[in-house]
Amino acid sequence: MAEPKETPLMEKIVSLCKRRGFIFQSSEIYGGINGFWDYGPLGAELKRNVKELWWRSMTQQREDVVGLEASIVMHPKIWEASGHTSTFSDPMVDCLGCRKRFRADQIEARSGTAYSYVGAFDEKLWSQAAIAGITGGTEPSADFLSQLTDDVTRHNFAKQLLSSSEPEIRAIGKDLEQQTISKYQCDIPFAVLLPSGKAADSARKIAKQYYRQRSVANPVPRDERSEEVKNSTHYCNECGSLLTPPKQFNLMFKTYVGPVEDPESVAYLRPETAQAIFAQFKTVLEVSRQKIPFGIAQIGKAFRNEINPRNFTFRSREFEQMELEFFIRPDEVVETICGKVANAADIWKENIEPRTSNAEHPTSGSQPSTLNPQPQPDWGWEAWHKYWIEQRIRWYESIGLPRASLEEYWQKKDELAHYARATVDILYKFPFGTQELEGIAARGDFDLSQHQRFSGKPMGVFDDELKAAWARLEEAKTKELGQRYHDARLKYLAQMGVAAEESSKQAREDADCLARGNYIPHVIEPSAGVDRLILALICHAYCEDQAPDEKGHPETRVVMRFHPRIAPIKVAVFPLLKNKPDLVNKAKEVRDLLRPHLTVFYDEAGALGRRYRRQDEAGTPFGLTIDFETLGEKGPELKDTVTLRDRDSMKQERVKIGDLVPLLLEKVR
RNA sequence: GCGGGUGUAGCUCAAUGGUAGAGUUCCAGCCUUCCAAGCUGGCUAUGCGGGUUCAAUCCCCGCCACCCGCUCCA
């Protein structure tokens with residue numbers, strides 16, 4: 001092709017992002033800062049559009065979801081209740097030998113013979129250095145002196161510095177001496193644990209290997225000691241080498257509330273937006289006049305000190321989330337009220353069937369995703385979970401990520417977090433791998449229960465339908481349902497480490513509450529990463545196609561095929577020529593006509609084709625050209641009409657200026 | 001965090017232990033009647049900090065950032 005070597009796709013996308021102003025590295029003039037990114041003019045518009053569409057579809061266009069915009073810094077107890085303080089903060093140890101990293105609490109205790117060394121010297125260099133007097137030898141040989149003059153000089157100078165009365169000078173001397181000697185030896189202690197009875201030789205072998213990694217070419221480990229150890233957690237489970245002391249790994253972004261940095265004022269930037277929703281659940285319920293089932297949505301920044309930010313903006317330390325917490329009745333409550341819980345599989349099977357028959361009549365042209373069952377009172381958590389997965393995929397389709405470009409991944413039982421009943425990840429195939437855009441989790445009543453326990457404030461809701469229905473049930477049925485609810489509560493409390501006696505008392509109380517119409521709602525959580533989605537949209541939109549140049553030769557054209565709904569700029573306005581004031585004035589008139597309704601970009605610089613191409617890279621779906629016909633030079637029937645050029649097909653049509661606003665609005669909505 | 005690689009203009013790529021060059025983009029002007037045309041002029045770079053040297057973008061060290069692999073990812 002035109003390019004002699006193929007630049008990897010992701011590189012081209014990153015380059016375009018920077019070139020056109022979608023995404024820049026943060027703090028670039030200072031060398032950048034790892035894990036942080038800025039959105040440029042086009043990126044800011046794109047992101048704003050995406051967030052607005054999410055917000056509109058999740059809250060404004062629904063009866064049963066309301067919004068929340070909570071603070072980023074919250075009471076630190078929130079993160080104790082949510083489990084982030086403990087799970088986000090792990091002591092980690094590194095293995096000196098195999099360099100693997102482990103969680104300190106997952107190291108198994110081992111017994112055996114530990115061989116330890118205080119360091120190693122280089123067999124060859126050391127003997128030479130000893131002769132030269134650097135490492136304590138006494139008989140410098142002229143031959144080696146000539147090779148080692150520099151080191152000898154440095155060493156002697158260091159000794160002089162070390163005898164100074166100034167501590168700063170002594171420090172420099174110590175440094176220098178260390179530098180000089182470090183060529184000949186390594187002072188880092190090392191140890192390895194072997195099963196009792198195994199030959200010391202293999203310990204030496206491992207130690208040598210270790211010191212070789214530390215750039216001692218011919219290491220002789222020094223001062224070997226052996227000792228029987230029992231149940232020690234200081235040695236690597238895989239290779240037996242000594243582990244480093246535990247280092248605290250904390251993924252939470254710490255800060256201080258108030259100007260004084262004392263331990264009582266420690267707080268964290270939120271690592272997810274969801275917890276604020278749980279914490280405000282009761283307040284929102286009261287003021288919004290909603291009833292279960294209903295949801296609370298939030299868009300906002302979150303912060304995690306990721307160990308290793310990677311893949312452009314995909315894993316950043318500061319990122320934005322769009323989260324919904326949708327609160328539902330526990331299945332026992334649904335069953336009490338409706339007499340049954342609808343089977344999720346059946347609901348979707350019924351809705352799929354008509355679609356299958358449609359396939360036999362291709363003329364019907366039905367979309368593959370027309371199935372869209374509406375929520376029913378007898379839905380339990382499985383149906384709601386499936387419902388939200390479907391809603392979310394449909395939304396992705398609506399902004400230009402077709403279902404086929406996404407992957408639904410149902411987490412396996414053993415991958416599920418302890419609080420989750422089911423989690424589905426929606427994945428997108430990025431150039432760097434298939435990665436998660438959104439997770440839709442069925443979280444049971446874990447979060448609200450935690451906040452109830454930690455805050456001491458009741459998180460239960462009263463449901464008069466439940467109370468009335470409960471009263472009508474036969475005793476055997478209430479017993480069965482009560483028992484199921486009780487068991488679930490007991491299981492949760494036990495899992496959280498609540499003492500057995502306390503747990504069983506509490507679970508009994510909770511079950512009694514159920515009979516009075518009171519329960520803790522369960523929750524379905526669709527949680528999407530905005531920045532990941534933006535990246536997916538950019539990757540998906542990026543396209544190189546062939547466009548003819550002036551002479552009709554095909555030429556590679558880079559075009560961002562954004563869905564018009566999300567395109568940063570909706571329409572570009574061009575006067576055909578910029579040195580004709582009439583054209584320019586008319587074009588500016590058109591620009592001003594459209595500006596109140598759409599994002600418009602006016603451009604008069606350069607050849608028209610060039611201006612089209614610039615907009616192709618920005619992903620602008622429509623271009624308007626004002627020419628002499630617009631001015632009426634070719635007759636009155638073409639007066640006040642403009643050329644409307646379509647980005648993807650590059651086709652042009654003639655449109656009346658008066659029709660532009662409704663026509664374009666229709667296309668971008 | 002570990003290992004490897006990279007770092008020159010907005011982008012793509014040169015060159016050199018002694019004045020950093022091209023194409024393209026961008027800006028201005030002229031010209032131009034619908035897909036990166038032409039002409040003229042212009043802006044813009046050795047990631048940061050040390051060291052060696054008379055002199056460092058180049059050699060050495062440290063840092064930072066990016067890429068790849070491992071690791072990590074509630």
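Quick note on labels: first sequence line is chain A, next is B, and so on, each numbered from 1. Worth knowing before you read on, the calculation uses all heavy atoms, side chains too, and leaves out hydrogens, waters and symmetry mates.
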Rounded to whole angstroms, how far apart are [atom1] on [X] and [atom2] on [N]?
X: A/Phe574; N: B/rU33; atom1: CZ; atom2: P; result: 18 Å
X: A/Glu28; N: B/rG47; atom1: CD; atom2: C1'; result: 10 Å
X: A/Asn308; N: B/rC70; atom1: CG; atom2: C1'; result: 10 Å
X: A/Asp616; N: B/rA36; atom1: CG; atom2: C1'; result: 10 Å
X: A/Asp582; N: B/rU33; atom1: CG; atom2: P; result: 15 Å
X: A/Leu576; N: B/rA37; atom1: CG; atom2: P; result: 14 Å
X: A/Trp37; N: B/rC66; atom1: CH2; atom2: C1'; result: 8 Å
X: A/Asp603; N: B/rC35; atom1: CG; atom2: P; result: 16 Å

Parallel, tilted or perpendicular: which fits the ring planes of A/Tyr428 and A/Phe430, with parallel below 30° and perpendicular above 60°?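 Ring orientation of A/Tyr428 relative to A/Phe430: perpendicular.
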Do [Y] and [X] have ring centroids that are under 6.0 Å from one another?
X: A/His418; Y: A/Phe446; answer: yes
X: A/Phe432; Y: A/Phe314; answer: yes
X: A/Trp37; Y: A/Phe24; answer: no

Short side-chain N/O contact to [N] OP1/OP2 from [X], under 4.0 Å:
X: A/Arg613; N: B/rU25; result: no
X: A/Asn34; N: B/rC66; result: yes
X: A/Lys578; N: B/rG29; result: yes
X: A/Lys18; N: B/rG10; result: no
X: A/Gln25; N: B/rC66; result: yes
X: A/Arg610; N: B/rU25; result: yes

So [X], base contact, sugar-phosphate only, or nothing? Heavy-atom distance under 4.0 Å.
X: A/Arg614; answer: sugar-phosphate
X: A/Arg611; answer: nothing
X: A/Glu272; answer: base
X: A/Arg20; answer: nothing

Start with the C-alpha gap between A/Tyr492 and A/Gln450, add the side-chain angles, then the distance that decides, and say whether side-chain hydrogen bond (donor to acceptor under 3.5 Å, both in side chains) holds. CA-CA 10 Å; A/Tyr492 155 73; A/Gln450 284 290 94; 2.7 Å; yes
Looking only at the side chain of [X] (C-beta and beyond, no hydrogens), which of the listed nucleotides [options] gets closest?
X: A/Gln652; options: B/rC68, B/rU33, B/rC34; answer: B/rC34
X: A/Met650; options: B/rG69, B/rC35, B/rU33; answer: B/rC35
X: A/Arg645; options: B/rG69, B/rC35, B/rU32; answer: B/rC35

Using the [atom1] atom as the point on both nucleotides, what is the distance between [M] and [N], in whole Å?
N: B/rC58; M: B/rC39; atom1: C1'; result: 38 Å
N: B/rG42; M: B/rU24; atom1: P; result: 16 Å
N: B/rG50; M: B/rU16; atom1: P; result: 27 Å
N: B/rG23; M: B/rU53; atom1: C1'; result: 35 Å
N: B/rA9; M: B/rC63; atom1: C1'; result: 25 Å
N: B/rC13; M: B/rU33; atom1: P; result: 37 Å
N: B/rA56; M: B/rG38; atom1: C1'; result: 43 Å
N: B/rC66; M: B/rU19; atom1: P; result: 33 Å

Checking only heavy atoms, does the side chain of [X] share a donor-acceptor pair with the base of [N] at less than 3.5 Å?
X: A/Arg557; N: B/rC35; answer: no
X: A/Tyr30; N: B/rC64; answer: no
X: A/Ser15; N: B/rC11; answer: no

Return the nucleotide paired to [N]: Watson-Crick means purine N1 to pyrimidine N3 with N6-O4 or O6-N4, wobble means G-U with N1-O2 and O6-N3, both under 3.5 Å.
N: B/rG49; result: B/rC61
N: B/rC2; result: B/rG69
N: B/rG42; result: B/rC26
N: B/rG21; result: B/rC13
N: B/rU8; result: none

Start at the 5' end of RNA chain B and walk down; is the nucleotide closest to A/Tyr419 or to A/Phe628 reached first?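 This one resolves to A/Phe628.
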5'-most by nearest nucleotide on RNA chain B - A/Ala607 or A/Asn579: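 In this pair, the answer is A/Asn579.
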Validate the cation-pi geometry between A/Arg270 and A/Phe303: distance from NZ or CZ to the six-membered ring centre under 6.0 Å, angle to the ring axis within 45°.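 No.
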So do A/Cys17 and A/Phe312 actually touch side chain to side chain, heavy atoms under 4.5 Å?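 Contact flag for A/Phe312/A/Cys17 side chains = yes.
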Under a 3.5 Å threshold, yes or no: a donor from one side chain and an acceptor from the other, between A/Glu323 and A/Ser527?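 A donor-acceptor contact under 3.5 Å links the two side chains.
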